[in-house]
Number of protein chains: 2
Amino acid sequence: MTNDLMTIRQMCDAFDVTPRTLRFYEAKELLFPQRDGTRRLFTRHDRARLKLILRGKRFGFSLEDIRQILDLYDRDGSNHAQTIRTYELAQHRLAQMEAQRAELDVAITELKAELDAGGAMIAGLRRAAE
Amino acid sequence: MTNDLMTIRQMCDAFDVTPRTLRFYEAKELLFPQRDGTRRLFTRHDRARLKLILRGKRFGFSLEDIRQILDLYDRDGSNHAQTIRTYELAQHRLAQMEAQRAELDVAITELKAELDAGGAMIAGLRRAAE
DNA sequence: AGAGTGCTTGACGTTAACGTAAATGTAACG
DNA sequence: CGTTACATTTACGTTAACGTCAAGCACTCT
């Protein structure tokens, strides 16, 4: 069984992040490692939170979004209103992502058309400028 | 027929940008308006370039990318090697956009799964942390 | 004790594309 | 000539998520 307390380096190796990142997350109040004198010791709790953080980032949430979600979660995991709030946050983010994808689709289609048509951006751009 | 020379405000109204933006583009050498004393006067040429700039932005090109493309275009619109170069830039950008869309698709799918499964991000995040 | 290794806390740097504010100019109107 | 309405330059501010030193402590090995 993996030790309950991990040094910053062990954390970095385990999660593929830099020490700077972990300290940054602590400064932003996303993590709260214990101290052994001056050194940080990360608990299971920190590891769980870090997983959530990295997962949230993959979803495109900002660190601030993530912090809010984690705070709600820690304050009272069973509070219905807060769960709803988080749900709404996720829904909102999902809508953003889908809108972004739609824009991207349009841009990709247009750019492909340029390439297919003129054989070069320039030609496409010139036509667009008429 | 619309006058050949336009003030900064006319440009802003016509293209829905701010004066700051036009001055910024000039500073970045994307536009080269004439001067009437101290005031800028934008020519048809500037308008054509601005259209290209805004179009490039929709494609997700950086201003620096756009500047390079415009420079090649102005220097010699018929130079084959330069046309090829621009073509490659566009291809590269297209590849980036498609990669980005792929990532977005994965994230959207995952996030949807979370929402469908647990009814809340928190639940999803908790399962992920186990 | 000296060397090496790893950890710590500052604190400034990076990137893009402008926003915003301050001080000044100047053209036209009445 | 005074006011109004835009224009100009200069230059610092913004945002996110860290990167990159710099200087120094803490422990261990020899």
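Here is the naming used below: chain letters follow the sequence lines, and residue numbers restart at 1 for every chain.
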Go nucleotide by nucleotide along DNA chain C from the 5' end; which of Glu64(B) and Thr38(B) gets its closest nucleotide reached first?
Glu64(B)
Taking CZ from Phe42(B) and C1' from dT8(D), how many angstroms apart are they, rounded to a whole number?
12 Å
Report the distance from atom CZ of Arg39(B) to atom P of dA5(D), rounded to the nearest whole Å.
15 Å
Please set out all donor-acceptor pairs under 3.5 angstrom arising from side-chain atoms of residues 99-109 of chain A, sequence neighbours excluded.
residue   : atom : partner   : partner atom : Å
Arg101(A) : NH1  : Asp105(B) : OD1          : 2.5
Asp105(A) : OD1  : Arg101(B) : NH1          : 2.5
Thr109(A) : OG1  : Asp105(A) : O            : 2.8

A side-chain contact here means heavy atoms from C-beta on lying under 4.5 Å apart; do [X] and [Y] qualify?
X        : Y        : result
Arg39(B) : Thr7(B)  : no
Met11(B) : Val17(B) : no
Leu31(B) : Ile53(B) : yes

Pick the closest DNA chain D nucleotide for Thr7(B) and for Lys57(A) by heavy atoms, then say which residue is nearer the 5' end.
Thr7(B)
Does Glu110(B) pair with Arg93(A) as a salt bridge, N-O distance under 4.0 Å?
no
Between Arg9(B) and dA7(D), does any side-chain N or O lie under 4.0 Å from OP1 or OP2?
yes
Report the distance from atom CG of Leu70(A) to atom CZ of Arg49(A), rounding to the nearest 0.5 Å.
4.5 Å
Residues from residues 11-36 of chain B sitting under 4.0 Å of DNA chain D, heavy atoms only?
Arg20(B), Arg23(B), Arg35(B)
What are the 5'-most and 3'-most nucleotides of DNA chain C lying under 4.0 Å from any heavy atom of chain B?
dA17(C) to dA27(C)
Taking Asp46(B) for its side chain and Thr43(B) for its backbone only, find out whether a donor-acceptor pair lies under 3.5 Å.
yes
Backbone N/O of Asp4(A) and side chain of Arg47(A): donor-acceptor pair under 3.5 Å
yes
